[in-house]
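A short write-up of the structure that comes next.
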Amino acid sequence: MMISTLERTVLCKAFFTREDVLQIARDLLGKVLVTNFNRKITSGVIVETEAYAGVTDKASHAYSCRNTPRTAVMFGEGGVAYVYLCYGIHSLFNVVTNISGVPHAVLIRGIKPIDGIPVMLSRSGKNKRDENFGNGPGKVSKILGIHYSHTGKSLLKKDVNDQINVWLEDRGIKIPSGSIISTPRIGVDYAGEDARLPYRFFYRQ
DNA sequence: CAGTGGATCGTCT
DNA sequence: GACGATCCACTGG
């Protein structure tokens, strides 16, 4: 596949440390989530996100300052991955945002695959892509090769093996704010009135 | 199509 | 010991 080299910028720390997690969730639409595991580069345009607003948000794992071994990475500085196991089966990938001590995060719920589609198909166990390929937070991690053991990984800095495995790029895709739709988040019925907050974002393609 | 239920296990109580 | 920030297969209409 042809990969454009024009307008390709890796998102830097300042993008993630901003305080408005709803704005970051909107801004992530159209950005490209890229992974490089075992020299296999795979990526997709982010098409759906959900914001989780930390200690005041009943739907957040960090609600009420709940700082546990699992949620601790959200309490660190923005720009790292929070990946956790859901339903015993799925790894769900979140981008940690805000400054240290404010456990905000954005769940990536859907991507439109771009680079390394054969690899992603193979990871998904499918022979051909259908309309749901990359659609769903469990599937995002699965096709990009992200595992819950990757939680805490920096999206900015090289690790001890001198590599970044997961990062975000701006490839110049602009999503008009008018085409962004917000709805309540999925699967958070336990969150009481916060389940109704319009913190899920996607756009018409 | 909508609705239902099983899979499967780390995490927290 | 209970429960998911899910997915898929399977049902029935």
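Fair warning: this is a prediction, and the values are worked out from it, not measured in the lab. So that the names make sense, note that chain A is the first sequence line, chain B the second, and so on, each numbered from 1.
Residues satisfying the side chain to side chain donor-acceptor pair (under 3.5 Å) criterion with Thr35(A), sequence neighbours excluded, are Thr42(A). Judged as a side chain to side chain donor-acceptor pair (under 3.5 Å), and not counting sequence neighbours, Ser60(A) has no contacts.
Heavy atoms from other residues, nucleotides or ligands lying under 6.0 Å from CG of Asp130(A) number more than 12. Atom CZ of Phe201(A) sits in a crowded spot, with more than 12 heavy atoms from other residues, nucleotides or ligands closer than 6.0 Å. The 12-atom threshold is not exceeded at NZ of Lys142(A), counting heavy atoms of other residues, nucleotides or ligands nearer than 6.0 Å. At most 12 non-hydrogen atoms from other residues, nucleotides or ligands lie less than 6.0 angstrom from CD of Glu19(A).
Between Tyr190(A) and dG4(C), no base-stacking contact is recorded for ring centres under 5.5 Å apart and planes less than 30° from parallel.
With rounding to whole Å, Tyr87(A) atom OH is found 9 Å from dC3(C) atom C1'. The separation between Arg185(A) atom CZ and dG4(C) atom C1' is 15 Å, rounded to whole Å. Atom CZ of Phe202(A) is separated from atom C1' of dA5(C) by 16 Å (rounded to the nearest Å). In this structure, CG of Leu85(A) is placed 6 Å from C1' of dC9(B), rounded to the nearest angstrom. Distance Asn67(A) CG to dT13(B) P: 12 Å, rounded to the nearest Å. Here dT6(C) presents its C1' atom at 16 Å from CD1 of Ile108(A), a figure rounded to the nearest Å. When the P atom of dA7(B) is taken as reference, atom NZ of Lys142(A) falls 16 Å away, rounded to whole Å. Spacing between atom OH of Tyr63(A) and atom P of dT11(B) amounts to 23 Å, rounded to whole angstrom units.
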Considering only distance and modelled atom types, tabulate donor-acceptor pairs under 3.5 Å from the side chains of residues 175-187 of chain A, sequence neighbours left out.
residue, atom, partner, partner atom, Å
Ser179(A), OG, Pro176(A), O, 2.8
Thr183(A), OG1, Arg200(A), NH1, 3.3
Arg185(A), NH1, Ala51(A), O, 2.9
Arg185(A), NH1, Asp57(A), OD2, 2.7
Arg185(A), NH2, Asp57(A), OD1, 3.0
Arg185(A), NH2, Asp194(A), O, 3.1

Quick one: the dot-bracket string of DNA chain B, using Watson-Crick and G-U wobble pairs with both distances under 3.5 Å, [ ] for crossing pairs and | for bases paired to another strand.
|||||||.||||.

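Apart from Ile99(A) itself, the hydrophobic cluster it occupies contains Val102(A), where clustering links Ile, Leu, Val, Met, Phe, Trp and Tyr at side-chain heavy-atom distances under 4.5 Å.
For the atom pair OH (Tyr82(A)) and OH (Tyr52(A)), the distance works out to 10.5 Å, reported to the nearest 0.5 Å.
Across all strands shown, Arg70(A) has heavy atoms under 4.0 Å from sugar-phosphate atoms exclusively, and none from any base. Within 4.0 Å (heavy atoms only), Tyr148(A) reaches sugar-phosphate atoms of the nucleic acid but no base atom.
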Could you list, one pair per line, each protein nitrogen or oxygen that sits under 3.5 Å from a nitrogen or oxygen of nucleotides 7-9 of chain C, together with the distance?
residue, atom, partner, partner atom, Å
dC7(C), OP1, Gly136(A), O, 3.3
dC7(C), OP1, Pro137(A), N, 3.1
dC7(C), OP1, Gly138(A), N, 2.8
dC7(C), OP1, Lys139(A), N, 3.2
dC7(C), O4', His90(A), NE2, 3.2
dC8(C), OP2, Lys139(A), NZ, 3.3

